[in-house]
Amino acid sequence: MTTRDKIMTQALDLFSRKGYEPVSVRDIARAVGIKESSIYNHFQNKRAIFDSILAEYSNRWDSFFSGMVFAGEDGRFTVDERARAFYRGMTGEQFASLALAVFEQYMTDEVNVKLRRMLTIEQYGSAEVAALFRKISFEDSLDYQAQLFGALMEEGLFAQGDPAMMALAFFSPIFLIFYKYDGNEEGLAKARELFLMHIKHFSQTYGTKAPRKGEHA
């Protein structure tokens, strides 16, 4: 790990526990084990460290989702023909497995956990961070899910309804589970169990393989 990476790692740990303002460059240098002046060989100031961490967060999730047919070639969330074909032949077990992979990444990956906590704290002190927090935590997921459920309705794989409300029904319990068990390692197994129960219930409730348009049940 390079010195720059160590600085970002230790800064993230401090920001996720104390918030941005209480942490000084001296605190970061002490955590890394270097002189305070050495920080400035890699970053202009503390804000530059924070901004680099935010960029890393976005890059990590873009890379993760791009590998799971959630994003198109431009890296943006999209439900194109490639995604439709992917979900068209998916079984309930495969869908649960895919959802669980996202759960594990969000709930157990140490860097993502710390980044999420940092954003949760800092959203109240920065409009820019608040916007990023909403985008990553809510808006991107809800928008993608609404697109996906609309496409699955068109394919005749989901019961007809309002895709946006279906996205809320899917996402809201998951978000509650995340925050109820966040930081509770002993409760992780329970969180995983509840998550899979929710996925199964949602699939049974909405994924009824409703008749295609023009067909009768």
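Since the model is a prediction, treat every value here as computed from it, not as a measurement.
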Would you say the side chain of Thr9 lies within less than 4.5 Å of the side chain of Lys6, judging by non-hydrogen atoms?
no
Tell me whether the centres of the aromatic rings in Phe158 and Tyr206 are closer together than 6.0 Å.
no
State, with a plain yes or no, whether a side-chain heavy atom of Val113 is found less than 4.5 Å away from one of Met107.
no
Tell me whether the centres of the aromatic rings in Phe149 and Phe202 are closer together than 6.0 Å.
yes
Report yes if the side chains of Tyr179 and Thr120 come closer than 4.5 Å at any heavy-atom pair, otherwise no.
yes
Would you name the heavy atoms of Gln10 and Ala31 that are closest together and state the gap between them?
OE1-CB, 3.6 Å
Using side-chain heavy atoms (C-beta onward) and a distance below 4.5 Å, is Gln147 in contact with Asp143?
yes
Would you give the length of the straight line joining atom CE of Met197 to atom NZ of Lys190, rounded to the nearest 0.5 angstrom?
6.5 Å
Residues in ring pair (Phe, Tyr, Trp, His ring centres under 6.0 Å) with Phe133, at least two apart?
Phe138
Distance-minimising heavy-atom pair for Ile53 and Ala11:
CD1-CB, 4.1 Å
Distance-minimising heavy-atom pair for Met153 and Gln160
O-NE2, 3.1 Å
Separation of Leu115 CG from Phe15 CZ (nearest 0.5 Å):
11.5 Å
Heavy-atom check, side chain of Phe43 versus side chain of Ile7, under 4.5 Å
yes
Please enumerate all residues that pass salt bridge (charged side-chain N to carboxylate O under 4.0 Å, His left out) together with Glu128, with sequence neighbours excluded.
Arg47
Under the salt bridge (charged side-chain N to carboxylate O under 4.0 Å, His left out) test, residues paired with Lys46 that sit two or more places apart
none
Tell me whether the count of non-hydrogen atoms from other residues, nucleotides or ligands lying under 6.0 Å of CZ in Arg17 goes above 12.
yes
